[in-house]
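In what follows, chains are A, B, ... by sequence order, proteins preceding strands, each numbered from 1. Predicted, not measured: the structure shown is a model, and the values here were computed from it.
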Number of protein chains: 2
Amino acid sequence: MHTTIAIQPVTENTAPVSTAVNCARCGMQKFCLPTNLKPEDVQRLDRIIMRRRRIERGTNLYRMNDAFSRIYAIRFGHFKTYQVNPRGEQQINGFQMPGELLGLDAIGAERHQCGAVALEDSEVCEIPFDKLEGLLGDIPELLRHFHRLIGQEITREQNAMLLLATMRAEQRVAIFLTNLGARLAARGYAEHRFQLRMMREEVGNYLGLTVESVSRLISRFRHSGLLRVANREVEILDPVRMREIAAGVRLDA
Amino acid sequence: MHTTIAIQPVTENTAPVSTAVNCARCGMQKFCLPTNLKPEDVQRLDRIIMRRRRIERGTNLYRMNDAFSRIYAIRFGHFKTYQVNPRGEQQINGFQMPGELLGLDAIGAERHQCGAVALEDSEVCEIPFDKLEGLLGDIPELLRHFHRLIGQEITREQNAMLLLATMRAEQRVAIFLTNLGARLAARGYAEHRFQLRMMREEVGNYLGLTVESVSRLISRFRHSGLLRVANREVEILDPVRMREIAAGVRLDA
DNA sequence: CGAATCGTTGAATGGATTCAAAATTTGTGG
DNA sequence: CCACAAATTTTGAATCCATTCAACGATTCG
């Protein structure tokens with residue numbers, strides 16, 4: 001293991017996109033913060049969102065230890081969040097997709113606890129956290145939904161712990177693919193056919209495996225007829241069996 | 001691995017302790033929710049806290065999938081929180097000590113995402129979450145501190161992921177002991193000498209290792225003069241070297 | 001005191017890693 | 001658009017760390 005992925009280059013993309021923010025017209029509304037808000041409250045939220053910001057593929061939205069002042073809602077694109085341990089090795093904590101919030105790990109802290117890098121050209125909404133806190137006090141529904149999103153974050157991480165502590169490599173990869181599909185499906189995309197936005201190395205890093213192990217396992221899934229793979233394009237051909245493997249049934253074909 | 005610790009017996013301890021709650025006089029005030037609150041706000045918090053409740057060693061404070069209505073602040077004693085995977089195996093997500101909150105993983109969900117068991121006879125304050133949410137809207141300092149506690153929870157879990165994904169067994173145990181000491185020290189207890197409140201099996205389960213591995217590693221630490229161990233009583237004799245091992249230096253004595 | 005639980009130690013095994021090299025894809029400049 | 005370099009992915013063989021299986025102490029508790 002100990003995959004020392006080179007730390008991203010020190011290019012910072014700060015080009016704001018000054019389009020007036022309008023949650024009501026945003027396709028991500030039903031996953032993002034405004035969920036279940038009254039129209040007038042959605043507008044109050046619009047007003048505190050500073051701007052949209054484009055992030056080029058490979059650049060940092062924020063880095064570990066950056067001062068924390070805002071959280072981010074992904075409009076389109078994908079991100080990874082990662083920590084860097086004392087030895088300079090990267091550990092990926094998660095992959096984020098449109099409608100998900102970035103920066104939650106820093107709430108209640110002065111600084112970001114991990115960094116976020118765009119896996120492709122992406123766009124986020126910047127939400128100043130102090131202003132959001134003000135709104136949370138005023139709009140109970142917003143507070144509730146904000147807490148729901150935080151709770152999901154905690155649950156996601158606990159599931160990752162479960163995976164890392166108890167699952168065999170086979171299971172980890174199967175779970176990874178299954179979950180990715182489920183999250184995409186919830187957003188209206190195909191569940192069993194999608195593009196991996198990250199390298200094998202990053203998959204392995206996230207799953208606590210080496211690149212080689214991930215590659216080998218994907219190959220085995222392919223040879224067993226579970227998966228069709230063309231580079232980063234993946235199709236789960238046998239979702240039932242894939243879910244069995246995710247649940248712990250051994251693939252000994 | 002795959003330590004199938006028997007699920008706890010189905011005894012539920014519901015004996016409330018009807019002492020009027022008084023955060024101002026509680027020794028845990030500076031770690032718990034009331035931190036940094038004005039005295040009158042502390043009293044408002046007191047008023048919504050239903051009661052204190054004693055939990056006997058080995059009994060569940062709550063179980064996975066229980067309906068969620070309150071969070072709990074530990075007054076004294078220690079707990080473990082755990083998930084149960086589909087195969088019925090337990091995975092411990094963390095150990096909690098006085099001043100820490102239990103149940104945060106359920107916020108924004110209908111049900112608890114994990115269970116909590118007392119590792120020794122313990123006492124908690126029950127905090128109805130809906131009433132707390134009301135106060136959060138009224139008392140900005142409380143909202144802020146509540147978010148700080150949640151943030152700490154997320155950070156703790158990310159660190160656990162880092163440990164599980166990248167660390168060798170040696171490191172995991174060293175980190176576990178070091179962190180436990182640090183948390184106890186923050187609460188005014190000795191940093192380098194303490195009682196483990198959990199079985200070796202539970203340590204291993206949490207760290208993604210087998211009992212045998214944990215036992216072997218503790219023995220190696222002992223033989224290398226790093227540790228003095230008498231059953232669950234542990235003394236870190238060489239904190240510097242222990243921290244080195246936690247950081248990744250190999251113990252090849 | 002005896003049974004059950006918990007903890008330690010040993011030997012053999014195995015799953016994932018490491019090291020190495022080749023194959024493929026992606027990115028870049030001409 | 002092609003050619004070439006760099007990056008990424010795949011595959012193979014050897015190694016190693018933690019697990020598994022087994023047995024034996026030690027401790028706890030009724």
Side-chain angles (χ1 to χ4, degrees), chain A residues 1-9 56-58 89 119-121 163-174 195-223 227 229-234 245 248 250-252, chain B residues 1-9 56-58 89 119-121 163-174 176 195-223 227-234 245 248 250-252:
Chain A
M1 203 183 318
H2 283 265
T3 51
T4 311
I5 299 178
I7 305 300
Q8 309 298 321
E56 264 180 41
R57 172 181 172 193
E89 296 151 355
L119 295 174
E120 60 190 323
D121 291 353
L163 177 142
L164 291 168
T166 71
M167 312 275 186
R168 282 170 307 104
E170 221 170 66
Q171 281 184 274
R172 299 188 196 192
V173 175
Q195 280 249 304
L196 297 176
R197 299 324 216 283
M198 68 296 286
M199 304 187 302
R200 302 283 192 274
E201 171 108 35
E202 292 170 319
V203 175
N205 182 297
Y206 174 64
L207 296 177
L209 303 171
T210 56
V211 212
E212 294 96 325
S213 292
V214 172
S215 181
R216 267 186 263 271
L217 287 162
I218 289 180
S219 292
R220 284 184 63 201
F221 287 167
R222 186 155 41 80
H223 291 130
L227 219 52
V229 184
N231 307 324
R232 305 242 179 128
E233 174 86 23
V234 163
I245 293 176
R250 276 161 192 269
L251 167 69
D252 35 20
Chain B
M1 205 183 315
H2 283 264
T3 51
T4 311
I5 299 177
I7 304 298
Q8 309 298 324
E56 263 180 44
R57 172 181 172 191
E89 297 151 354
L119 296 173
E120 59 190 324
D121 290 354
L163 178 143
L164 291 167
T166 72
M167 312 276 186
R168 283 170 305 107
E170 223 169 65
Q171 280 183 276
R172 300 189 195 191
V173 176
F176 176 74
Q195 281 249 305
L196 296 176
R197 299 322 216 285
M198 68 297 284
M199 305 187 302
R200 301 283 193 274
E201 171 109 33
E202 292 170 318
V203 175
N205 182 295
Y206 173 64
L207 296 177
L209 302 171
T210 56
V211 212
E212 294 95 325
S213 293
V214 172
S215 181
R216 266 186 264 272
L217 286 162
I218 289 180
S219 291
R220 284 185 64 201
F221 288 168
R222 187 154 43 77
H223 291 130
L227 219 53
R228 213 180 50 68
V229 184
N231 307 324
R232 304 241 179 132
E233 172 86 22
V234 163
I245 293 176
R250 275 161 191 269
L251 169 68
D252 35 21

Asker: Taking CG from B:N231 and P from C:dT8, how many angstroms apart are they, rounded to a whole number?
Answerer: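 Value for this atom pair: 8 Å.
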Asker: Would you mind reading off the distance between B:E233 atom CD and C:dC6 atom C1', rounded to a whole angstrom?
Answerer: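 Going from CD in B:E233 over to C1' in C:dC6 covers 18 Å.
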Asker: Quick check on D:dT19: is either OP1 or OP2 less than 4.0 Å from any side-chain nitrogen or oxygen of B:T210?
Answerer: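 So the side-chain polar atoms of B:T210 do come within 4.0 Å of the phosphate oxygens OP1 or OP2 of D:dT19, strictly under.
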Asker: For A:M167 and C:dA16, give me the distance from atom CE to atom P, rounded to whole Å.
Answerer: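 Distance check: A:M167 CE to C:dA16 P gives 13 Å.
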Asker: As an exercise, state the distance from CZ of A:R232 to CZ of A:R200, rounded to the nearest 0.5 Å.
Answerer: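 Going from the CZ atom of A:R232 to the CZ atom of A:R200 covers 7.5 Å.
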Asker: Kindly say whether B:L119 contributes a backbone atom to a donor-acceptor pair with the side chain of B:R197 at under 3.5 angstrom?
Answerer: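 Checking the backbone N and O of B:L119 against the side chain of B:R197, no donor-acceptor pair under 3.5 Å is found.
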Asker: The side chain of B:S219 is closest to which nucleotide in this list: D:dC17, C:dT8, D:dT10?
Answerer: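 Selected nucleotide (nearest to the side chain): C:dT8.
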Asker: Roughly how many Å is it from CE in B:M199 to P in C:dA4, rounded to a whole number?
Answerer: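 The distance from CE of B:M199 to P of C:dA4 comes to 17 Å, rounded to the nearest Å.
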Asker: With respect to the side chain of A:R200, which nucleotide from C:dT17, D:dT9, D:dA18 is positioned closest?
Answerer: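 The nucleotide sitting nearest to the side chain is D:dT9.
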Asker: Can you tell me whether the side chain of B:R216 and the base of C:dG7 have a donor-acceptor pair closer than 3.5 Å?
Answerer: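 Check fails, no donor-acceptor contact within cut-off.
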Asker: For the pair made of CZ in A:R220 and P in D:dT10, what is the distance, rounded to whole Å?
Answerer: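 Taking CZ of A:R220 and P of D:dT10, I get 15 Å after rounding.
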Asker: Map B:R57 and B:L217 onto DNA chain D by nearest heavy atom, then report which one ends up closer to the 5' terminus.
Answerer: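 It is B:L217 whose nearest nucleotide is closer to the 5' end.
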Asker: Counting only side-chain N and O atoms of A:S215, is one of them less than 4.0 Å from OP1 or OP2 of D:dT10?
Answerer: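 Answer is yes, contact under 4.0 Å.
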Asker: Roughly how many Å is it from CG in B:L119 to C1' in C:dT5, rounded to a whole number?
Answerer: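 Atom CG in B:L119 sits about 16 Å away from atom C1' in C:dT5.
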Asker: So if I take every side-chain heavy atom of B:R232 and compare against C:dT9, D:dA18, C:dG7, which nucleotide ends up nearest?
Answerer: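 Ranking C:dT9, D:dA18, C:dG7 by closest atom to the B:R232 side chain puts C:dG7 first.
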Asker: Could you give the distance from CD (B:E89) to CG (B:N205), rounded to the nearest 0.5 Å?
Answerer: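 Between atom CD of B:E89 and atom CG of B:N205 there are 9.5 Å.
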Asker: Going by heavy atoms in the side chains, are B:I218 and B:V203 under 4.5 Å from each other?
Answerer: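 A side-chain contact under 4.5 Å is absent here.
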Asker: Find the distance A:R172:CZ to C:dG15:P and express it as a whole number of Å.
Answerer: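 One finds 14 Å between P of C:dG15 and CZ of A:R172, rounded.
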Asker: Determine whether a donor-acceptor pair (one donor, one acceptor, N or O, separation below 3.5 Å) exists between the side chain of A:R168 and the base of C:dG14.
Answerer: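 Side chain to base: no pair present.
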Asker: Looking at A:E212 and C:dC19, is any side-chain donor or acceptor paired with a base atom of the opposite kind under 3.5 Å?
Answerer: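 Answer is yes: a donor-acceptor pair is held.
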Asker: Output the rounded distance in Å from CD (A:E202) to P (D:dA7).
Answerer: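 Distance, rounded to whole Å: 15 Å.
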Asker: Please confirm whether the backbone N or O of B:A230 pairs with a side-chain atom of B:E233, one donor and one acceptor, at under 3.5 Å?
Answerer: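 No, because the side chain of B:E233 does not come within donor-acceptor range (under 3.5 Å) of the backbone of B:A230.
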